Asker: 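First the structure, then my questions, so here it is.
Every number for a ligand or one of its atoms is a count from 1 in the order of the listing. Keep in mind that this is a model prediction, so the values were computed, not measured. When a residue number appears, it is its place in the shown sequence, counting from 1.
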Amino acid sequence: MMRLAWILLVVLIVLCACGSARRGEPFGDLLLTSDSSRHGEEVFMRYCQPCHPGGDAGLGPAINNKPLPGFLIRMQVRRGFGAMPPFPREVLSDPDLDAVVAYLNDLRRQPRP
Ligand code: HEC
């Protein structure tokens with residue numbers, strides 16, 4: 001159990017450290033900082049957009065306005081919660097899920113109108 005807590009802590013620290021790096025080319029009207037994030041946009045459009053349009057609230061809550069750590073996003077997606085269905089690996093592969101997390105991190109850093 002301690003071990004898991006440490007892993008989560010390390011993941012969190014790494015995520016926070018990466019979170020402050022801003023680089024990359026503008027892509028459409030969004031600034032996506034990596035290929036993974038660009039792939040994440042496609043995955044997001046397919047699986048998440050219907051309920052979290054543009055990361056905003058729809059059927060689900062807004063997910064572009066709060067600092068959700070990656071592991072929480074992954075957990076929510078894998079397990080589902082409330083009205084959100086779970087997305088098993090057969091539907092959404094681990095790399096696809098990583099890409100969505102990268103995309104959401106970028107989305108959150110966009111200037112809000
Ligand atoms: C069928 C609609 C639906 C789809 C599709 C969907 N979600 Fe959700 N999502 C929801 C709902 C509803 C909630 C709120 C669940 C609750 O807390 O009761 C939610 C909550 C979340 C949360 C937690 C937000 C918070 O404030 O804690 C995250 C993160 C999230 N969704 C990410 C995703 C991602 C990433 C995808 C695509 C892989 C996705 N969702 C697809 C409906 C959906």
Asker: Should the pair Arg78-Asp94 be classified as a salt bridge under the 4.0 Å nitrogen-to-oxygen rule?
Answerer: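 Yes, charged N to carboxylate O under 4.0 Å.
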Asker: Could you list which atoms of ligand 1 come closer than 4.0 Å to a heavy atom of Val100?
Answerer: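 Reading through ligand 1 atom by atom, the close ones are 35 (C).
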Asker: What atoms of ligand 1 come closer than 4.0 angstrom to any heavy atom of Val77?
Answerer: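 This gives 34 (C), 35 (C) as the contact atoms.
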Asker: Closest non-hydrogen protein atom to atom 10 (C) of ligand 1, residue and atom name please, with distance?
Answerer: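 The protein heavy atom lying closest is Met84 CB, 3.3 Å.
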Asker: Among all protein non-hydrogen atoms, which one is nearest to atom 27 (O) of ligand 1, and what is the separation to 0.1 Å?
Answerer: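 Heavy-atom neighbour on the protein nearest atom 27 (O) of ligand 1: Leu68 CD2, 4.0 Å.
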Asker: Any idea which protein heavy atom is nearest atom 17 (O) of ligand 1, and the distance to it?
Answerer: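 Residue, atom and distance for the closest contact: Phe81 CD2, 3.4 Å.
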Asker: With a 3.5 Å cut-off and no angle check, do the side chains of Asn64 and His52 form a donor-acceptor pair?
Answerer: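 No, His52 and Asn64 have no side-chain donor paired with an acceptor closer than 3.5 Å.
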Asker: Pick, from Arg78, Met45, His52, the option with the minimum heavy-atom distance to atom 40 (N) of ligand 1.
Answerer: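 Among Arg78, Met45, His52, the closest heavy atom to atom 40 (N) of ligand 1 belongs to His52.
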Asker: May I ask you to check whether Tyr47 has an N/O atom sitting below 3.5 Å from an N/O atom of ligand 1?
Answerer: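 By distance alone, the answer is no.
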Asker: What atoms in ligand 1 come closer than 4.0 Å to a heavy atom of Gly82?
Answerer: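 Numbered from 1, ligand 1 contributes 18 (O).
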Asker: Measure from atom 13 (C) of ligand 1 to every heavy atom in Pro69, Gly55, Ala57, Pro61 and give the option owning the shortest one.
Answerer: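 The option holding the nearest heavy atom is Pro61.
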Asker: Identify, for atom 12 (C) of ligand 1, the protein heavy atom at the shortest distance, and state residue, atom and that distance.
Answerer: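 That would be Ala83 CB, 3.5 Å.
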Asker: For atom 8 (Fe) of ligand 1, decide whether Gln76 has an N, O or S atom at a distance under 2.8 Å.
Answerer: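 Checking atom 8 (Fe) of ligand 1 against Gln76, no N, O or S atom falls under 2.8 Å.
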Asker: Give me the nearest non-hydrogen protein atom to atom 24 (C) of ligand 1 as residue plus atom name, then the distance to 0.1 Å.
Answerer: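 Of every protein heavy atom, Ile63 CG2, 3.7 Å lies nearest to atom 24 (C) of ligand 1.
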Asker: Of all the atoms in ligand 1, which lie at a distance below 4.0 Å from a heavy atom belonging to Pro85?
Answerer: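 Under 4.0 Å from Pro85, ligand 1 has these atoms: 1 (C), 3 (C).
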Asker: When rounded to the nearest 0.5 angstrom, what distance separates CZ in Arg108 from CG in Leu68?
Answerer: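 If we round to the nearest 0.5 Å, Arg108:CZ and Leu68:CG are 6.5 Å apart.
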Asker: Under 4.0 angstrom from ligand 1, any heavy atom of Lys66?
Answerer: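 Yes, Lys66 has a heavy atom closer than 4.0 Å to ligand 1.
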Asker: Identify the protein heavy atom lying closest to atom 38 (C) of ligand 1, giving its residue, its atom name and the separation to 0.1 Å.
Answerer: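 Of the protein heavy atoms, Cys48 SG, 2.7 Å lies nearest.
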Asker: So which bit of Phe44 gets within less than 4.0 Å of ligand 1, heavy atoms only: side chain, backbone, both or neither?
Answerer: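 No part of Phe44 comes within reach of ligand 1.
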Asker: Determine the interplanar angle of the Tyr103 and Phe44 rings, folded into 0 to 90°, and report it as parallel if under 30°, tilted if 30 to 60°, perpendicular if over 60°.
Answerer: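 Because their plane-to-plane angle lies in the 30° to 60° range, the rings of Tyr103 and Phe44 count as tilted.
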Asker: Determine, considering heavy atoms only, which of Cys51, Pro50, Gly60 sits nearest to atom 1 (C) of ligand 1.
Answerer: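 Closest candidate by heavy-atom distance is Cys51.
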Asker: Any chance you could measure Ser93, atom OG, to Asp98, atom CG, to the nearest 0.5 Å?
Answerer: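 So the OG of Ser93 and the CG of Asp98 are separated by 8.0 Å.
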Asker: Judged by atom type as modelled, is there a donor-acceptor pair below 3.5 Å linking the side chain of Arg38 to the main-chain atoms of Leu32?
Answerer: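 Confirmed, Arg38 side chain pairs with Leu32 backbone.
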